[in-house]
S.K.: 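Below is one structure. I have some questions about it.
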Amino acid sequence: MNEGRDQVPYFLRKEVISAEGDLQDTLEEMLGETVYKSDYREAAMVVAQRNPEFVAEVLREWGYDLEV
């Protein structure tokens with residue numbers, strides 16, 4: 001299933017990793033079939049690339065863009 005993909009290691013917070021199973025379950029329920037981790041992670045990156053405002057919103061929650 002990883003044909004045509006480059007492996008890109010990155011670090012995730014424990015709470016993000018813990019929530020992956022819920023995301024996978026939700027996607028599988030919505031789509032009615034098995035969804036692989038590499039597929040939903042890549043799809044999430046595509047969503048982020050198409051909607052950078054969503055990423056900026058989370059980054060602001062993490063403390064980015066604060067007036068000093």
Side-chain angles (χ1 to χ4, degrees):
M1 282 294 172
N2 292 321
E3 186 176 322
R5 291 179 170 152
D6 291 331
Q7 185 174 7
V8 182
Y10 55 96
F11 299 95
L12 299 173
R13 299 169 192 235
K14 287 181 182 180
E15 61 269 19
V16 173
I17 294 169
S18 296
E20 272 194 309
D22 293 337
L23 174 60
Q24 185 173 11
D25 291 344
T26 299
L27 292 169
E28 289 177 350
E29 185 176 311
M30 293 173 73
L31 298 171
E33 61 183 287
T34 300
V35 179
Y36 298 101
K37 184 185 292 187
S38 57
D39 290 338
Y40 69 73
R41 281 183 173 180
E42 187 172 12
M45 180 58 79
V46 171
V47 170
Q49 290 170 342
R50 292 179 183 173
N51 301 278
E53 66 276 8
F54 296 159
V55 178
E57 182 179 328
V58 173
L59 289 171
R60 286 186 182 105
E61 290 172 10
W62 292 352
Y64 280 80
D65 198 29
L66 295 177
E67 297 291 328
V68 180

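Throughout, residue positions are numbered sequentially from 1 according to the sequence presented.
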S.K.: Can you measure from CZ (Arg41) to CG (Leu23) and round to the nearest 0.5 angstrom?
M.R.: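 The CG atom of Leu23 is 10.5 Å from CZ of Arg41, to the nearest 0.5 Å.
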
S.K.: Can you tell me which residue pairs pass the salt bridge (charged side-chain N to carboxylate O under 4.0 Å, His left out) test with a partner in residues 44-64, sequence neighbours excluded?
M.R.: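 Output for this query lists Arg60-Asp65.
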
S.K.: Could you tabulate the donor-acceptor pairs under 3.5 Å formed by side-chain atoms of residues 25-35, not counting sequence neighbours?
M.R.:
unit_1	atom_1	unit_2	atom_2	d
Thr26	OG1	Asp22	O	2.9
Glu28	OE2	Gln24	NE2	3.3
Glu28	OE2	Val35	N	3.0

S.K.: Quick check: is Tyr10 connected to Val16 through a chain of hydrophobic side chains (ILVMFWY, heavy atoms under 4.5 Å apart)?
M.R.: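 Yes.
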
S.K.: Below 4.5 Å, heavy atoms only, C-beta onward: do Val8 and Glu42 meet side chain to side chain?
M.R.: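 Counting from C-beta outward, Val8 and Glu42 never come under 4.5 Å.
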
S.K.: Which ILVMFWY residues are connected to Val55, directly or by a chain of links, through side-chain heavy atoms under 4.5 Å apart?
M.R.: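 Listed partners: Val58, Leu59, Trp62, Tyr64.
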
